Protein chains: 2
Amino acid sequence: MRSILEAAERVLAENPAASMEQIAEASNVARTTVHRRFASRQALIDALAASTVERLAQAIEDGRPDTAPPLVALHRITANVLQFKSAWGFALGLPATEGSEATTTQEEIARRCMGLLVRAQDQGVIDSQADLDWVRRVYYALIGEALHDSPEDADPDVLAIKIVDTLLHGAGPRTR
Amino acid sequence: MRSILEAAERVLAENPAASMEQIAEASNVARTTVHRRFASRQALIDALAASTVERLAQAIEDGRPDTAPPLVALHRITANVLQFKSAWGFALGLPATEGSEATTTQEEIARRCMGLLVRAQDQGVIDSQADLDWVRRVYYALIGEALHDSPEDADPDVLAIKIVDTLLHGAGPRTR
DNA sequence: AAATATTGCAACAGTGGTGATGCAGTTATC
DNA sequence: GATAACTGCATCACCACTGTTGCAATATTT
């Protein structure tokens, strides 16, 4: 059950169009068995997406987004998410069914993130004029980009520093 | 010929797994005709990717990346690319064959971009400590993100300002 | 050990896409 | 206007994937 989802993660990460056969093979199970657990390919994908996004939400929660000081939370959450995504990230981009559990949780995560950004803005960590929706999307993009080339080797904390620094100060010259 | 590629762009943008049939239909042509022009599905995709990335390179060149002042070039190129990508951007993410014409041109574009960033750094527009490879990827990501929600309506110049500003200064408080 | 559930295997029908071909009608070229 | 090129259409063989089922073998429970 869980092992099938794990195998699916691995296989689909390499080839999003992989067949049920390949997934079954990767989890050392007959294709029929997969079909017995998951009525359809879509059902499997939904289950995978839901399970993964659920754990992502947990990793974020561990950073205490609405109680820790914004900067601290930002760092901790970034590091947690990096670590999680580098191992399980693929399934988060999976095309889950409209209105599925995965989608709902994703939205919940976005709300959590916005809440954190609002607190950061209130405390002057983010410019008061900033478009927080844009900031959030940039934040997401930076995380994705950081993983794009430093998959295994890099220390999540180091990467997190880089991301938060870029998010807040950009690439322009430092005036201090 | 060209009209088929244009239709393919439109159709594949909505559904990357679209069939030759759907592409043919969208270009008001019989499926056989498509097959007569493009030996295989992959050949069509390669041609589409090559043609598109070629025009992107032109749009970048129009911004004079290695003669105009870095900030000016950055703005102009960003606006040009935004405009181009909002209309034709999808095909740029297409899985072209290894070592195809499209891939080569992509690399050429990346080199052009790096050259511009180096000049920007030399002139103090970008921090002398900055990791230019990272900056370039962040730049790409910002462009992608900007298009993600403002597809048609927005003025490319306004978006370009937002992107360059974020790239150089981030979301932190303004000290001026 | 007996009963139950789970699995692998083989086989099947169904679907949908790919790529090719022959032919007849249409369009462009000279 | 004749010729050559192109197109649509119908059809074909072929393949890969999905989803189902029956059955025998294997694990699990009790």
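No hydrogens, no waters, no symmetry mates; every other heavy atom, side chains included, goes into these values. Every chain is numbered from 1 and lettered A, B, ... according to where its sequence line falls, protein lines coming before strand lines. Quick caveat: nothing in here was measured; it's all calculated off a predicted structure.
Taking each heavy atom of A:Glu145 and B:Val138 in turn, the nearest pair found is CG-N, 4.3 Å.
By the rule that hydrophobic residues join a cluster once side-chain heavy atoms approach within less than 4.5 Å of another member, A:Ile161 and A:Val164 end up as members of separate clusters.
A side-chain donor-acceptor contact under 3.5 Å links A:Gln42 and A:Thr97. Looking only at atom types and distance, the side chain of A:Asp46 has no donor-acceptor partner in the side chain of A:Ser100 under 3.5 Å away. Judged by distance alone, the side chains of A:Arg2 and A:Ser51 do bring a donor and an acceptor atom under 3.5 Å apart.
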Output a table of nitrogen or oxygen pairs between the protein and nucleotides 16-19 of chain D separated by less than 3.5 Å.
{"residue": "D:dT18", "atom": "OP1", "partner": "A:Arg41", "partner atom": "NH1", "Å": "2.9"}
{"residue": "D:dT18", "atom": "OP2", "partner": "A:Met20", "partner atom": "N", "Å": "2.9"}
{"residue": "D:dG19", "atom": "OP2", "partner": "A:Arg41", "partner atom": "N", "Å": "3.0"}
{"residue": "D:dG19", "atom": "N7", "partner": "A:Arg31", "partner atom": "NH1", "Å": "2.9"}
{"residue": "D:dG19", "atom": "O6", "partner": "A:Arg31", "partner atom": "NH2", "Å": "2.9"}

Shorter than 3.5 Å, N or O on both sides, protein versus nucleotides 22-27 of chain D: list them out with atom names.
{"residue": "D:dG22", "atom": "O6", "partner": "A:Arg36", "partner atom": "NH2", "Å": "3.3"}

Original post:
Step by step, would you call B:Glu6 with B:Trp88 a side-chain contact (heavy atoms from CB on, under 4.5 Å)?
Top reply: CA-CA 9 Å; B:Glu6 286 170 11; B:Trp88 304 99; 3.9 Å; yes
**OP:** Might you work through the side-chain contact (heavy atoms from CB on, under 4.5 Å) test for B:Phe90 and B:Leu48, ending with a clear yes or no?
**Re:** CA-CA 10 Å; B:Phe90 166 75; B:Leu48 174 57; 5.6 Å; no
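A salt bridge links B:Arg174 with B:Asp165: at least one charged nitrogen is closer than 4.0 Å to a carboxylate oxygen.
Here the straight-line distance linking atom CG of B:Asn28 with atom CD1 of B:Ile4 works out to 10.5 Å at 0.5 Å rounding. In this structure, CZ in A:Arg10 is found 10.0 Å from CD in A:Glu14, a value given to the nearest 0.5 Å.
For the helix from C:dA1-D:dT30 to C:dC30-D:dG1, the terminal axes (five pairs an end, C1' atoms, rotation from four pairs onto the next four) enclose an angle of 30°, given to 10 degrees.
Scanning for side chain to side chain donor-acceptor pair (under 3.5 Å) contacts around A:Arg136 gives A:Tyr140, with sequence neighbours left out.
Taking every nucleotide of DNA chain C with any atom under 4.0 Å from a non-hydrogen atom of chain A, the first and last of them, 5' to 3', are C:dT6 to C:dA11.
Among residue pairs with one or both ends in residues 48-65 of chain B, those qualifying as salt bridge (Lys or Arg N to Asp or Glu O under 4.0 Å) are B:Glu61-B:Arg112; sequence neighbours excluded.
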